[in-house]
Structure formats: structure tokens, C-alpha cells
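Note that these values count all heavy atoms, side chains included, but never hydrogens, waters or copies made by symmetry. If you're wondering where the values come from, they're calculated on a predicted model, not measured in any experiment.
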Amino acid sequence: MSNPSVEVATQPNLAPAKRGAGVTRRMLKRAWGFTEMKVAAVVFATMMFLTIFGPYIIDASATQMNVSARFLPPIFMEGGQYPHFLGTDQLGRDLLLRSLIGLRNAFAIGLVSVIGMFVLGCAIGIYAGYRGGWVDVVLMRLTDVQMSIPVIILAITILGLSRPSPLTIILVLILASWPTYARVSRSVALAEREKEYVRAARILGASDLRIMIRHIAPSILPPIAFVAVLDIARMMIFEAIFGFIGIGIQPPTPTFGTIISSGTQYLLNAWWITVAPGVLLALALGSLNLMGGVLERARNQVLQGGE
Amino acid sequence: MKTNRRNFLAGATAVGAGSMVMPGLTFGKAFAQETGTLVFAAAGTVTSSWDPTSHTVAPQITAEGLVFGHLTNCPMKPENPGEILPDLALEWSVIDTYTLEYKLREGVTFHNGEPFTAADVKATMEYACQPDRPASAWYPGQVEVEVIDDYTVHLKTEKFGYPALNFWYVVAFLPILSAKDVADPEALKRRPNGTGPFRYEETNGDQITFKAFEGYYGGKPEIEAVVWAYVPDANTRVLGLLNGQYHLTERLEPEQYQSLSGEAGIVTDRSLSSENKYLHFRCNKPPFDDERVRRAVVHAIDREQVLAVVGEAGQASDCHISPVKFGYTDVENYPKYDPALTQQLLAEAGYPNGQGLPEIEYITSVGFYPKTREYGELITAMLQEQGFPVTLTTLEPAAWEERLYRRADGQGPGHIIDVGWITGSPEPDLVLRPNYHSDFALINGIADDEIDAALDKERNASSTDERLKVLQEETLPLLAAKVPSISLFSSVFLRAMSKNLEGVYFYPNGPIDLSKARLT
Amino acid sequence: MAFAIEFFLRRISQGLVIVLLVAFVIFTLLRIVPGDPMRIILGPMASQTTLEETAKELGLRDPMLIQFGRFVGEVATGDLGRSYIRGVQGGSTGGSQDADGFDPESRASVAGLIANALPYSLMLAGLGIAFALLVAVPIGIAAGLNAGRWPDKIGLYTSSLFVSLPNIWVGVVLIFLLSAKTGWLPAIGYRGFEYTIIPAIVLAVELSPVMIRAISVSVAQNLGETFYSVGLVRGISRRDMIGKHVLRNAAVPLMNLFGAQMIGMLLGGLFVVEYIFSYPGIGMLTINAVFQRDFPIIQAVAILASAALVIINMLVDFASTLIDRRLKF
């Protein structure tokens, strides 16, 4: 799947007009002014708090199986038992804890892979944009190739044929999604290298590497920060899909995909195995996506000159 | 073993199925059904060759069950696993250690009209047992067939150095072909020509049609035609059964079975199979080259819990062979759940609390056998609890099958492998030799002189009584002590059929006897 | 005309290079991953010698570049090869085979398998896009015309919500609600048009957020353009301006969107949705092929998918240049 945000991010009239760091600061400030941002941040922080401290607070286990306590419904339903707030699964494990740990794993994979694609994509993009010439042509054609293979085909092929592990999943996600970052950062670098301050720095004898890191890199952030936030959510969905197809992190480590796919067998007698983790995941993803969406609006407003 | 789709939403559709069909839509019309046509929704399909010696594929063996006859017939009932009934042979006896005699039924014809005689038995058996035939792995070795007269044959094994008694049960599994076909392998591949109750009519997409054989020696079956419909999805099979499109279906998930059991118009069948489910240890590489580590693992597995998860699809058994096999017994020293012993064995092997063990990969399939992922997770957790660094790899059946057997270099991937072993004869060596004799040890790679000796002793026994004694008192207890693999439980096959279908017999390895069945 | 010829010549040659590179990447990938397809073709009981002989006959032991060259040659003549696993009937055949090895004639042609599966996928995709447009067009236009006001918020919330629902979960929950629980619609497999509806809804949930965003952004931008205020000053009613000009202009970026993103998303979505519903399209075919290591199918689908991406992008670019020209006069 290509990135839904490229379209807006690469529009020429939105190319950064001001020094990156200042824009970034104003963008964040404006974003925080949105009520949606505050709500999303609170929801997200709560989820993170639960994934980290949940296992210490809730007196149950995500991995300990209990054949006699299988298919317990959530606590608000008849037959629900404390401390299984969301009930138990087909092996008697606590669903809330499993979902929370699944969320932690998904978020870790999302975050690490986005950092990876950000660093790789931006490095390539800045280099191509700053250097220009054949380097640029080759690197950009490479992104063309990359973008012409749907992520899912690539991921299913690699993960389905090798042994899936968190590392391979992260690598596949990076491999499939870096071109977005390369393209955006290239266009930024292209615009920035002609700017006065970059020329000045060059005349003053700064090395290319220094210019790229000190002067161009900060300008990348405004047009791409929200893409990265949205991408964390997108990568988390991919992680769930991989788990569902059976090419994600392998059981018994809890992941959303495996919880949902094994729950499908028991939909009629224990629908909560499938439904409950999905609600949790949707909350986490929803808060991330809302934050990303607000960031994008804030950036557009800042760039259109509003303060 | 066959490629198969995972059982998505097993159980869920069964209940909702009746209402899942939109009113006014007629799915059943897909099959133009004449009266007396039975539609069987099969979980698997056949290979591209109809030569029974070309494959070891379970669904094709089921299909062959309709078409081919065998010398004898073993119903393999748990209460009398060794029972042998006549089929193409009416009498059988032991002449000496290396010779069996079979008296054949007269007046039998093949589907193409050729009469059945001793020459056909000779051609079939000598052909099927040649080592280069893929299915020869089932048979004890090469055999010489002497034609005494048109209706008497002697099976002779002296030349090949093993007792003829090994064929005692195997002949119930070996489909009898026509000598003319054996001489023409192309014909053999193209269409099946047997003496069974149904003759092959045609293949059309995923449907194979068989017609009742007028000349069947047991009388023409009442069912006029059998349509073999390959329906890889378990829910689609159940749905089709509920709306009358299919009459019979197989390989149900326990949840589907349970919900179908309460359904009017449907009869469910639950029968013990000749399949046991095993965990094999790769015995020719660390850490499982050490017997103590294998034993430590099996004592850490609480099989009662495993069985609770498997539910209707499993039955407890403490033996490396299924209860429908000759020689089955509850082996006295069969490993029991005993974590303390696990820890003791680990310490003895130099891995106290599992410290120092290499990472252990447990490979299992998802979608073919019921509940493999569920109990895989359960066993992984049990082992992790005892300190084994186990990781579980769940694979689609085809990918799993690719990793299942040892490779040319003798090594196989992973360390613990989940597999079922199913064969259509009470003969225990069909399980024991391929799995535990160092000449084969197809999966676990065990090479243990004591086990080899115990297997040879059992095979070379000169009478069935002696063989039973050796099996139950030496061979099976030795396997339980050295555990190159552990049998977790015996599989139970779950099937369902329309109430209108009567008189069906299910063999424990899959084939279905429809020769006496009726559709009302 | 000259423009069109030059445009297509340039883009087709570029596209060919891209597809060739994609093919090479996938081809290489399939040959370096662990797992020997020969085991699956011939089955567990085949001997090592048979295995090697058949592999040699099939050319699987030649150097990779030679294999790739041969493959490209075949594809150029329209031959996508034959499946390793699937029989002529299209169904999977058993792994075990005769000792004389593998007879390619007994296996289904990849082109045929794809041709059989494609109509199902196209139907699902079409219905999915239709459902998505049904939701996205009204919400998107309303949001774009009322930037910053409540319809805009609704647009933001709806798209944030939909984009946060993993398709696997939506799929299973809809099966539960619309099929298993209420019995309104059938869900698993395919035996008639009604089997397409729930999968298409899932697809639409996945596609609509991008559409809503794109529509609202482009409508809002057009409102900000000078021609809009000029038109209003000239006395053209707001209604006419929006109906006749704004929406038409907004269509250009939307077309770009369809090319650049929709097709990629759609492909990905189709794969997963078909898998969830056991829907017999290209996605199901490919996922099974991956699990069965049926390399010829994977290769062919990857190449066709990238070719489709390249061609659609080309057509979209061409179309939008044409529209743009007309708009410029």
C-alpha cells in the first residue's frame, strides 16, 4: 500500500519556506491547540501506561494457560470472573493482558520500523536531492521500482518463505516503505540546497556531510513528522495482518493478528476473543491517527502563514 | 498428507449456516442431481496419476477405496484390531516362515470386463513392492508371487530375507490392479480399473464421478453414482451439508462437530482412526541426541491438558501405535507428566533448569490436523515453564511438509516436529519401521542399535502370537523408554452426513465403504 | 498526437525497465529464500537423486542469471509458465509423484489460473470502490466546502476512525454480525454475487479514508483559488460554481490519487480481504502459492501487479495532462 500522505506532502506550494526547527516548534504548538490532539494524547498515554504497567496491576497472566478457565466472558457479562476484565481465550489466558502485550509488541515494531524507514529514507533522499546528477537519477528510479511492488506482495513473499521474527518483520516493513521518506526528503533537499544559508555555509567551507545534517535535515521534519506518526499506526496494522495470515511473530507470544485469527474459530461461542482485542487496537490506532491528522492540519496552517 | 486450507471460522458457521443462505438463492442447483447420486464433500483431492503405487496421499487412498479391491479387508475396530475379513481372497494361511498362501474368489471381474485371476495378484504385488515405486515405503520389502493355479497364489519372501508374515495385514491395504494395466503404465496413470463397488466415470474440474459397478461381486451398490467434490474449506463443506448440497463430509473441527450433532437431518460420526499424533525429536543433532533431554521433554508435557484442548478430535492412548493397530497396548512405562523428573533429567544431562540448552524450534502445521496451534502453544508454554528455550513455528501444511522429513544430509530443520501418521492396515510396522528403524527414521533420525534389534525381532517373529508378545513386552516399552518421539494421543475422525444416508462404513484411515449404503 | 506518441513511448520504455527490475527482484528473492520447491513438487517420499534430476530438468540448478534470462524470454512470448502444485483442473494436486519425476504437462498453466481468478478480484475491487465512493464523496465534498466547520470535523473523525480499523478485524466482526449472527449475507468462499458484498464493505472501509481526505483537500483548495472568487464576483451562483467548476477541477488530483495510491492500496487490501473470506481471487491464489512455494504463480502475479501499477499510473498521468491542457487555455 502506498502512503496516503505523499500526495499532500510533496505538493510544491507547501515546500518549507522557513527554517525547519522554527516551523517544527510552531507546528507542534499549534497542534496542541486542537482539542482533538489533547484527547488523542490522553487516550494514547493511557494505553501506553497500561501496556507497560498492566501486567503488574492485573492479577492474571497473558501466557499461563488454564484449561479449566477457557472461554470466560468479559467481566461485565454473566459468568465473567475477576480479574479477567475482557475474559479469557481458548486456552484460558487473560485476554486483556494478551491484548496489552500484543499492543506493546505491535507498537514496538511500528516505532522501530518507522524510525528505520525514516533514517534510511531521509538519508537516501537528502543525499540524492543535495547531490543531484546520476546519484539522484539512480536512487529515484530505485524508489520507482520499490513503489511498483505492493507492500503486501513483498511482505507475504519474504515472510511467508523465510522464518518470521520481529527483526525480519521490521526489515520487511522498512524495505517496503522507505521510498516515501526518500521522495519527500529529496524534494526538501532540492529546495533547500539553493537557499541562501546553505550557499553561505558552503562558502564558509562547511563539509557536505555537515550541511546535510546540520542545515538540511531539520527542514525535513515539518513535512514528514505527521507521515511518520500515521505510519506507526499503519505499520501496527501490517503487523496485525501478518500475524493473522500466520507470517508474523509466532505464538505463543501474543500479537493482535494471532489472537484475532485464532478467535475466528470460536466466534459463536466466544466472540469476545476476536472483538475485545480489536477494540483496544482500534483505540490505540485511532489516537495515533488523530494525532497525525491534527499535525498535518497544524503544519498546513503554519505554512499558509497563519500563526 | 495433503495440502489443505485452514479451517476458518470452524464451528461458527455450523450454527448460523441454516440461516446463512439467502432466501431465494439456489446453490444446490450447481449439481444436477439424479436420484441415487451421493455427493461427498472431500477435504482433499487426488494426484494427477491414478496409479496407486505412485503416491502416499491420504485422500487418493480414500478415493481408491471406492474403486479397488484388496485381497483381504481389515475393518480395524478397536475391540478387535487384528480382525481380517475376506475380499478378493477367501482363505489365507501360513505355509512356512517365508510363504503365505491365498485362495482367491472366483467370478470376479474388473471394471473393464477382464476376469480377475492369480496373474493379476502376481503382477500387482511384484510391481507395487519394487523399491522405486513411491508407495513401496508402505510395504515390508520386495516379494515374489508364485501362481499355483488361477485361483491360488503363494507370496514368497525368502529371497529377500524377511518373514512373509509381514504381508499378513498389509495385503488389506494394497489395491489389486489388472495385470494388463501393470504392463501398460500409461493406462494405469490415466484411469483406475479395479474390482471395487464403483467404477471411475470422469473428472470434471474439482469433481470426480464414480458409477455403481454392475458386475461387482458383492452385488451392484444401491447408490447409482458417487460424486467426489473437492471442497477445501471446512465451513463450506458444513454449509453445503446443511443445505442439502452434499450428503457426506469429513475432517470436521471439534466445534463444527459439536454444533452439527444437535442439527436435525444430520447424523454425525465419530470414529477412532489409525492415526496417532506424534512429536518427533530430531535425534541426530543436539540437544536431542541425548536420550535424557528427550525424556526430560516428554515428562514436562501434561498430555491430559493437550487432550482437553483437542476435545472430540482426540482419544487418550499410551502407545506409539494406534489402538486399531495390531499390537496396541497401554504401555506400562509410557512417559507421564512429572516435572520433578524433568528437572532431574535436565540436571543429569548437564542442563540444570534448562541452562545451557540451545534454542529449540518446535515446528507444527496449521489447517490440516485439528487444534495443532492451540496445543502447540500449550506444549511450548509447558516446556518454557521447565526452562526449555522453545520457540514455536506454525506453518501452512505445504510449507510444513517441506520441512517435515530429513534431508539428504540426514538432518532436518527444527528440533521438535508435530506430525500424524496414518496407514490403512493394522500392520504396526507401517508406523514403526519408517519412523524408528535407523535404515529409515524418516523424521527423527534415530540410530539406536537396541531399537533396531527390537524392531527386527518383532518383524522376524514366526507367529502372530509370538510377534504380539515381542511387540508388547519389548519393542513398544523400549520406544517408551528411549522416546525418539512421543505419541500425544490417537486421532478421532469427525464426519457428518445427511440422515438419508444409511449403511456406510468408515475405515479408520479414511476410506468409506459405500457398497451397502442407501440414500433414502 | 505527437505529444501523445512521445509521451507513451517515453513512459512505456521507462515502465518496461521498472517491470523488468521488479521481476528481477522477485525472481532473485524467490531463489535465495530457504526451502526447496522440489520437495513440494515431488513429495516427501521422492529420493534425493530423483529430486536432483528433476531440478536439473526444470533448469532450477542453472545459474540465476540464466534462469532469469530464460524466464524473461518465456514471459515475452506470453508464457507465464506452469504451476508446480496445481493440477490441470486448477485444484491442488498431492505432493507425491511418480518416480519418473515431474511432468509439467500435468500442471495448470499460470496464465490460466490467473485468468480464472482475475474476474473475481475485479468484481470485488469494483464493488469495494463503489461502496467507498458512496461514503467518501458526500463526506469529502461536505468537508471540503465547509473547511474548519463541523462537516470538516466529521470528515476528519470518519477517516481517522476508518483508517484505525484493521481490515482483518473488520472482516471477522462483519462475518460475525452480518452472517453468523443474523444470517443476512453469506460470507466464506464464493458461490454467487452475494458472497462479494461483505468483503467489498471491508475493502471500502479501508479505501474510504484516503478518498475522504483527498476529496476534501482538493475541494477546499479549489475554493481558495482565484477563479472561484472571480466567478462569484461575476455573478455566477455559488451553487453553479461548485457544481460546474470546483468539483470538476477537484477531479484532477483525485485521478492522480487513483493512480498513485488507490491501486497499490487496493491490491494490498484485496490480498488480505480475499484471504479472510476465502474468496477465490488473485490474492487467495497468491497467498496459497507463497505457502506452497509455487514460485511460477508468485512471479507472475508480482510482475502483473507491477505492470498494472505502471500502466495505470501512465494512463492517469496522460489523462490529467490532457485535462490540464484544456483547463489552461
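Residue C/Ser164 comes nearest to A/Gly286 through the heavy atom pair OG-CA, 3.0 Å, listed as atom of the first residue, atom of the second, then distance.
When heavy atoms are compared at a cutoff of 4.5 Å, A/Leu288 does not approach chain C at all. Neither the backbone nor the side chain of C/Phe162 comes within contact range of chain A; no heavy atom of the residue lies under 4.5 Å from a heavy atom of that chain. C/Val290 touches chain A through backbone and side chain together, each having a heavy atom under 4.5 Å away. Of the atoms belonging to A/Ala240, heavy atoms from both backbone and side chain fall under 4.5 Å from chain C. Proximity to chain C is limited to the side chain of A/Ile260, based on heavy atoms less than 4.5 angstrom apart.
Considering only heavy-atom pairs separated by less than 4.5 Å from chain C, the leading option among A/Leu154, A/Ile237, A/Leu285, A/Ile158 is A/Leu285. Counting heavy-atom pairs closer than 4.5 Å to chain A, the top-ranked of the candidates C/Ile18, C/Val22, C/Val173, C/Ile168 is C/Ile168.
Of the inter-residue distances, the one linking C/Ile287 atom CD1 with A/Ile247 atom CD1 reads 7.5 Å to the nearest 0.5 angstrom. Once rounded to the nearest 0.5 Å, the distance linking CZ of C/Phe176 with OG1 of A/Thr274 reads 8.5 Å. Note that the OH atom of C/Tyr157 and the CG atom of A/Leu290 stand 7.0 Å from one another [nearest 0.5 Å]. C/Thr286 contributes atom OG1, which lies 8.0 Å from atom CD1 of A/Ile156 (distance to the nearest 0.5 angstrom). Distance check, rounded to the nearest 0.5 Å: CG of A/Asn289 to CG of C/Leu161 gives 9.5 Å.
Every salt bridge (Lys or Arg N to Asp or Glu O under 4.0 Å) that C/Lys153 has, sequence neighbours left out, goes to A/Glu36. Under the rule for a salt bridge (Lys or Arg N to Asp or Glu O under 4.0 Å), the partners of C/Arg10 that lie at least two apart in sequence or sit in another chain are C/Glu6.
Using a 4.5 Å heavy-atom cut-off against chain C, the contacting residues of residues 277-284 of chain A are A/Gly278, A/Val279, A/Leu281, A/Ala282.
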Notebook entry, point to check: What do the steps show when you test C/Val272 against A/Phe244 for side-chain contact (heavy atoms from CB on, under 4.5 Å), and what is the final call?
Noted result: CA-CA 9 Å; C/Val272 178; A/Phe244 187 86; 5.7 Å; no
Per-pair distances, 0.1 Å, donor-acceptor, side chain in residues 295-306 of chain C, under 3.5 Å, sequence neighbours excluded:
{"from": "C/Gln299", "atom 1": "OE1", "to": "C/Arg31", "atom 2": "NH1", "distance (Å)": "3.0"}
{"from": "C/Gln299", "atom 1": "OE1", "to": "C/Arg31", "atom 2": "NH2", "distance (Å)": "2.9"}
{"from": "C/Ser306", "atom 1": "OG", "to": "C/Ala302", "atom 2": "O", "distance (Å)": "3.3"}
{"from": "C/Ser306", "atom 1": "OG", "to": "C/Ile303", "atom 2": "O", "distance (Å)": "3.0"}

